[in-house]
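Model, not experiment: these values are computed from the prediction.
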Amino acid sequence: TDIQLKHTQTQLDKLKKTNIFNMTFHIWHSGHFGTINDLRLGRLPGVPVEWNEINAAWGQAILLLHSLANQLNIRLERYKLVPFGNQSYIEVLGEKKKDLPLFGNGGLKFFWNTKFDHAMVAFLDCLQQFKVYVEKSGNGGFNLPYRFFCRI
């Protein structure tokens with residue numbers, strides 16, 4: 001009937017306007033911490049955050065950037081993002097078996113291992129590449145809300 005068709009068309013119009021990335025990845029902050037889906041992306045001496053939460057947050061962040069890059073057919077240079085939940089990592093292109101883990105477990109051994117630090121820098125490099133690509137393509141006046149610069 002006409003009423004059902006009109007209702008269905010209204011629902012379809014709503015779905016067409018829905019941004020799946022906004023629905024899936026809620027980016028915000030909680031105090032001094034950036035958050036993604038209410039998971040904190042770090043820790044402070046006075047505010048300990050469990051590594052499971054930090055690892056899950058990095059997993060969400062890498063999944064988002066990977067998905068956005070794939071959506072726009074962006075080929076990142078130097079790195080390959082590997083979303084793998086709370087054990088996500090970044091593969092260094094051109095170097096055999098060089099993976100940079102975006103997860104940790106704390107402990108004394110963790111502080112002597114700089115791969116996590118290198119992984120965060122690699123993530124920012126990938127984000128910078130994404131930003132430059134989108135800005136150059138003139139995709140709707142895209143701008144990240146905060147300025148940053150990553151020099152590799």
Side-chain angles (χ1 to χ4, degrees), residues 12 14-152:
L12 180 60
K14 280 184 184 178
L15 286 173
K16 285 181 180 179
K17 294 176 185 175
T18 301
N19 183 327
I20 191 67
F21 292 109
N22 284 341
M23 299 288 291
T24 308
F25 300 100
H26 178 71
I27 298 173
W28 197 241
H29 63 88
S30 174
H32 295 294
F33 300 102
T35 63
I36 183 165
N37 294 339
D38 295 325
L39 299 165
R40 292 172 287 183
L41 271 162
R43 59 190 304 158
L44 293 169
V47 187
V49 178
E50 293 293 322
W51 277 103
N52 287 339
E53 181 177 348
I54 296 168
N55 296 341
W58 275 112
Q60 291 289 294
I62 202 168
L63 177 60
L64 173 58
L65 185 55
H66 178 265
S67 300
L68 287 169
N70 281 346
Q71 181 76 21
L72 298 174
N73 294 316
I74 300 172
R75 285 193 55 118
L76 298 172
E77 299 173 8
R78 296 180 288 285
Y79 304 106
K80 177 183 176 186
L81 301 170
V82 183
F84 199 63
N86 65 354
Q87 293 189 351
S88 296
Y89 60 95
I90 298 175
E91 185 179 309
V92 179
L93 298 176
E95 295 188 32
K96 288 186 178 181
K97 290 294 181 188
K98 177 115 187 225
D99 295 337
L100 302 172
L102 261 176
F103 58 92
N105 59 5
L108 189 57
K109 185 178 179 184
F110 176 77
F111 292 105
W112 297 108
N113 185 349
T114 60
K115 282 187 172 185
F116 184 71
D117 294 335
H118 291 293
M120 289 188 289
V121 171
F123 181 86
L124 290 175
D125 180 57
C126 294
L127 184 59
Q128 175 77 15
Q129 291 180 56
F130 174 81
K131 173 186 175 286
V132 167
Y133 177 88
V134 173
E135 286 175 350
K136 282 185 180 176
S137 69
N139 220 335
F142 174 83
N143 286 306
L144 292 175
Y146 299 100
R147 294 179 62 201
F148 75 95
F149 179 75
C150 184
R151 183 179 357 188
I152 299 294

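With Ile54 as reference, Val49 is the one residue of Leu102, Asn86, Val49 to meet the side-chain contact (heavy atoms from CB on, under 4.5 Å) rule.
Annotation for His32: atom NE2 does not count as buried by contact number, only 12 or fewer foreign heavy atoms lying within 6.0 Å. With a 6.0 Å radius and a threshold of 12 heavy atoms from other residues, nucleotides or ligands, Phe21 has its CZ atom above the threshold.
For the atom pair OG (Ser67) and CG (Leu72), the distance works out to 11.0 Å, reported to the nearest 0.5 Å. The structure places CD of Glu50 at 13.0 Å from CG of Leu39, a figure rounded to the nearest 0.5 Å. For the atom pair NE2 of His29 and CD1 of Ile36, the computed distance is 14.5 Å after rounding to the nearest 0.5 Å. Note that OH of Tyr89 and NZ of Lys115 are 12.0 Å apart. Values are rounded to the nearest 0.5 Å. Here the straight-line distance linking atom CG of Asn55 with atom OG of Ser88 works out to 9.0 Å at 0.5 Å rounding. To the nearest 0.5 Å, the span separating OG on Ser137 from CD1 on Ile74 amounts to 7.5 Å.
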#### Entry: Audit row: Leu65, Leu81, side chain to side chain contact (heavy atoms under 4.5 Å, CB included) steps and yes/no
CA-CA 8 Å; Leu65 185 55; Leu81 301 170; 3.7 Å; yes
### Task
Test side chain to side chain contact (heavy atoms under 4.5 Å, CB included) on Phe123 and Trp58 and set out the steps.
CA-CA 10 Å; Phe123 181 86; Trp58 275 112; 3.7 Å; yes
### Message
One pair to check against side chain to side chain contact (heavy atoms under 4.5 Å, CB included): Arg78 and Leu93. What are the steps and the verdict?
### Response
CA-CA 5 Å; Arg78 296 180 288 285; Leu93 298 176; 5.8 Å; no
### Residues Val47, Arg40; criterion side chain to side chain contact (heavy atoms under 4.5 Å, CB included); working and verdict
CA-CA 11 Å; Val47 187; Arg40 292 172 287 183; 4.3 Å; yes
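Aromatic rings from Trp51 and Phe103 are positioned such that their centres are separated by 6.0 Å or more.
Between Val92 and Leu100, some side-chain heavy-atom pair lies under the 4.5 Å cut-off. Contact of the Phe25 side chain with the Leu64 side chain is registered, since non-hydrogen atoms from C-beta on lie closer than 4.5 Å.
Shortest non-hydrogen contact noted between Tyr79 and Cys126 is CB-SG, 3.7 Å. Shortest non-hydrogen contact noted between Pro83 and Ile62 is CA-CG2, 3.8 Å.
For the pair Gln129 (side chain) and Glu77 (backbone), a donor-acceptor distance under 3.5 Å is present. In this structure, the side chain of Asp125 does not engage the main chain of Val121 through any donor-acceptor pair within 3.5 Å. At distances below 3.5 Å, at least one donor-acceptor pair connects side-chain atoms of Thr35 with backbone N or O atoms of Trp28. Distance alone, capped at 3.5 Å, is enough to place a donor-acceptor pair between the Asn37 side chain and the Thr24 backbone.
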